[in-house]
Amino acid sequence: MEMNVNPQQAAAHQKDGLMGVVFASLEKLLNIGRANSLWPLTFGLHCCAIEMMAASASRFDLDRFGAGVFRGSPRQADLMIVAGTVSRKMAPRIKMLYDQMPAPKYVIAMGGCAMWGGPYQYDGQYAIIEGVDRIVPADVHVPGCPPRPEGLIEGLLSSA
Amino acid sequence: MYGMKIDNHPKLDRLLLPEYSNFHPLRKGFKFEGDSVDDMNRTWEIEREADQKVSSTVLEHHRRDYFVNMGPQHPSTHGVLRLLLHMDGETILEIDPVIGYAHRADEKMGENGNYMQFYPYPSRVDYLAGMIYNWGYVGTVERAIGIEITERAQYIRVIVSELQRLASHLMWYGAFLMDVGSFTPFLYCFQDREEILDMFEMCDGSRLTYNYFRFGGQERDLSPEMLDRARKFIPMMKSHLKDYEKLVQKNIIFRKRTEGVGVITKDMAIQYGVTGASLRASGFAYDVRKSEPYGIYNQFEWDVPTATTGDAYGRFAVRVQEMWQSLRILEQALTRIPEGPYNNPAAPKRFKPNPGEFYFCVESPRGEMGIYLISDGTENPYRIKMRTPCYSNLQVIKDVGRKNFLADVVCILGSLDIVVPDVDR
Amino acid sequence: MINIAIQILIWAVGIIAVVTVNALALVYLERKVSAHIQCRLGPMQVGFHGLLQTVADAVKLVSKEQIIPKNADKVLFILAPILAFFPVIVLFVVMPFAPNLICRDLNIGVLYVFSFASLEVIAIFMAGWSSNNKYSLLGAMRSVAQVVSYEVPLLLAVLAVVLVIGSLKMSEVVQYQHKIWMIFLQPAAFLIFMMGGLADTNRSPFDIPEAESELIAGFHTEYSGMRFALFFLSEYSNVFLVSCIATALFLGGWYGPFVNGIHWFVIKVYALVFVMMWVRWTLPRLRPDQLMNFCWKILTPIAILNLLVTGVVLKLVH
Amino acid sequence: MFKNIKEIFTGAWSILVGMFITFKWMLKRPVTIQYPKQPTRPSPVHKGRIRFVIFPATGTHDCIACLKCQNICPSDCFEIKGDKPAEGGKKRPNFFTYNFSNCSLCSLCIEACPTKTLEHSPEFNLASENKDDYFYNFLNDVEERKKKVDATVNR
């Protein structure tokens, strides 16, 4: 997720000398490529899905960041935007979709529901899972109910 | 949800909840014991295996038919609906909608809080028609406690409802066209929708899920800027609608794709309880705004558009006509809106309605949306039942989709205009 | 001998470089054209006005994990994208870019083009079959049916052209048009060719094999990473190729006002590519059965009629 | 037969008209707002997260820990504890947390507040890698915002 190389790798690079430098810059290049071409999965759960569409529509245009290619197949997607409440019935399928995505893969939890269960969380709630990070690791959290498209863009940029 | 057993039912299983669940949440005194992640994983394995069994069912060796799982994640199911298709080549033999993937216990939540605390939830049931659902809930409670609504508030309600209807139809217009295969109108429609959302943001502050209606009035007044913007919006929308008509409605490919596809006959529609544009396209002019006028809809001049064909094109044409009618109502409302208070100061903050049963319905963009409220005289509602249009409208696909092509099913589903949380609640 | 080998090597490297760079440019163009048709801006962030966007995409796709599904037929699964990309490169061999810029000016150039172009079907079917996914299989079936059917009117249209020119050699086909372009002699054939070409390259409104709203991603649903990129590249290269062939056959190749040369060829090709994109972002998609009806009931009869009229007129003229 | 031919021509004409319209729209100016570079302006009544009003007169909030917001909140966002100060006077909160991700932005708390000390903040583009960032402690939040205001004033 982060652009910098982690410390261990950096140490390894120092040892390797020239080759290390080459690999480090290669890694940097790869990261730039990945960061600027996050293809999201067409995957809307609830209300936030509409804001996700609004973000990809003309006014906000996610395509500016190279993230406008919505792929229907998880095999070709890099980014799963969990837009909405995760219901108990849906949860295993989300996990399955996440497993089907090729690495490196990222998850944005969009909206309060995907973060904590949102307004639907109460004592004795039987239908939803409180937070998508109970089933898949979420990298970025975008709060709001629903978040504005600007929020999603901000999340996308911070994940890059 | 109540755990009723029905004798001789051909396929008795959980409708909204996962297959493995063994509780009945809408029973009074139900307590849910939270389960750990391990528990969930174990139950999910069972569920996943069941899923794969269905989808990989190999029928007898020499047969040509097979099952396809469409959804829950599929680009054209508009959310998380799953259609179990029994197919022979490209032809559909049987469709079985599997719902419940978007179930969030809205009705149960209504029972948990008091009347005020259910305010924000109706607009999240059908997020494309938040304002109208707000009105549905507020109207029910207003009927229960008997409260006056000021003149200006009535006009505000009509204005925001019609704007919401336009926004919802625009969204549907784009999504339907995307199902049929053309992507560009989707973005054109979103542009116009953004305009409406801007207006809503000026009056309510949110873009999508509103909480603008209060018992007896509104949260705040419509600002003059917003009214100006709405007045400017109408001619723009009209010219755009004309463009879209040329781009889409006259297009030969679009007509070939939709004409004669998914015919819902009048009888079928009435039997399944289909409402909204899908019913009107079958030739039955039923619109809650006309037949059971709520608010001040009877003071405006407008027509109920109908079609006689009952096919996808008919539904399309009816919805487009409805957009024109909404613009007509908006024009009248915007010229006639009176000055005055926007809410009723006499509205009580805490109240206990008389015990009884109340029903109030509004015309959502998808059909008749009603809330049935049982009050037991306490501060909390005893039961809130939502009659959501999509639930009834979706059922009809079982009959309509049969003997069609896969591409047609997508088209029919688009033309029925399903919002999944509205089905599952 | 060595000379020929070096020449072939240069051509091979050149063609592969042109194909990849060109496909990247086309993807960028497609995104920009679609964006502007939809009143938005398209890629803006990477490079000046997003010029490097597709490069970033390519870098990402190369570095992606490649998944081979558990139940897939591994050999076919791996072979399919390579086979899909192969005809694209082979076809560039006979493309008449400029008077002296043809790799091999075969005597049977036109025939060669269409025989290799139909190889693509096999790759698609392999991809659909080996993925062991119902959507892929459906997409592959649709694709095979569509491509095989549309080849008929396509070839009939080209046959009319060849009848007029009397040669299968690509350079002669172009040289014949130095006075009058074939599009004015054979307008019907041109339209049929473009429609057939759209169908052959699986583009909207004939994009049923990968109909996003029905089949998710069609025959390449299960492909990820570089293999998917190969399909992607071959799709866009095919678009380019169809435009190239149309330019050579109908629009007078390298001939144009002022100075003849490769620039006219390129301009014409990109204009045609733009039209194909414009069509794609305007029209909805046909249904599979309507697609077949359109091919067999409308296009093929018109193509046959066109051929007949051409033959009769030629007989009368000579 | 004649009908079919006519259909072909009307169909082709309809397609041409459609192409013309998309071309017309292509020449329009794009409506895209280049968001991070160009600012967007949400409306003045935009509902962001809930926060304390800092009254200029007192330089701080005016919460009396009456728990009205906590009781009206549909989704239990607030957790408030308060007691009467030793020197007497109004009750003041000594613990006031708010969970933004649970909030449905219904503004019922704002309407319920007797001292009008709650408001929606104009923030609209929050995103973070840590979801606990949206678990606000209002008392700390007020201090931080005051510091920020002071810093801008001093500069």
Side-chain angles (χ1 to χ4, degrees), chain B residues 52 55-57 66-71 73-78 83 85 87 89-92 174-192 194 240 246-249 251-261 312 404-411 413-414, chain C residues 30-31 33-42 69-71 132-146 195 198 202-218 221 277-294 297-298:
Chain B
Q52 287 184 345
S55 61
S56 63
T57 313
Y66 55 100
F67 286 100
V68 170
N69 250 327
M70 192 165 135
Q73 191 269 324
H74 189 281
S76 67
T77 50
H78 302 265
L83 296 176
L85 308 174
M87 295 174 63
E90 286 256 346
T91 323
I92 311 282
F176 180 41
L177 261 291
M178 203 151 81
D179 286 347
V180 180
S182 115
F183 194 73
T184 304
F186 173 73
L187 290 162
Y188 289 174
C189 291
F190 251 84
Q191 255 165 266
D192 299 335
E194 285 288 336
H240 283 186
K246 277 187 217 151
L247 175 61
V248 174
Q249 216 169 343
N251 189 303
I252 178 123
I253 300 176
F254 177 77
R255 293 192 77 128
K256 288 267 171 200
R257 273 302 295 275
T258 51
E259 276 176 356
V261 169
N404 269 325
F405 291 106
L406 177 62
D408 286 341
V409 170
V410 172
C411 174
L413 199 67
Chain C
E30 167 107 50
R31 283 170 86 163
V33 168
S34 71
H36 281 276
I37 281 181
Q38 294 155 356
C39 288
R40 46 194 190 99
L41 285 168
K70 197 171 71 187
N71 298 328
N132 198 8
N133 178 320
K134 282 162 192 161
Y135 289 117
S136 305
L137 190 59
L138 269 174
M141 296 296 289
R142 283 177 173 194
S143 178
V144 170
Q146 171 186 335
M195 280 183 212
L198 278 175
N202 298 337
R203 283 182 69 82
S204 181
F206 307 109
D207 63 343
I208 55 160
E210 44 200 281
E212 173 109 14
S213 59
E214 294 149 31
L215 298 180
I216 301 179
T221 306
M277 285 171 184
W278 182 13
V279 167
R280 173 175 180 180
W281 294 104
T282 306
L283 297 181
R285 174 187 307 129
L286 283 161
R287 210 169 59 200
D289 62 319
Q290 289 166 350
L291 193 87
M292 291 298 157
N293 279 345
F294 181 66
K297 290 186 181 162
I298 297 176

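These figures come from a predicted structure and were not determined experimentally.
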Contacting region of B/Phe254 [heavy-atom separation from chain C under 4.5 Å]: both
- request: Tell me, for C/Thr282 versus chain B, whether the close heavy atoms (under 4.5 Å) come from the side chain, the backbone, both or neither.
  value: both
field: Flag, side chain of B/Thr184 to backbone of C/Trp281, donor-acceptor distance under 3.5 Å
entry: yes
query: With C/Arg287, which of B/Val410, B/Asp408, B/Asn404 fulfils side-chain contact (heavy atoms from CB on, under 4.5 Å)?
result: B/Asp408
message: Is C/Arg40 close to chain B through its backbone or its side chain, or both, or neither, when contacts mean heavy atoms under 4.5 Å?
response: side chain
Residue part contacting chain B, namely of C/Gln290, when any heavy atom lies under 4.5 Å: side chain
field: Minimum heavy-atom distance C/Gln38-B/Gln191, with the two atoms named
entry: O-OE1, 3.7 Å
- prompt: Just wondering, more than 12 heavy atoms not from C/Met277 lying within 6.0 Å of its CE?
  reply: yes
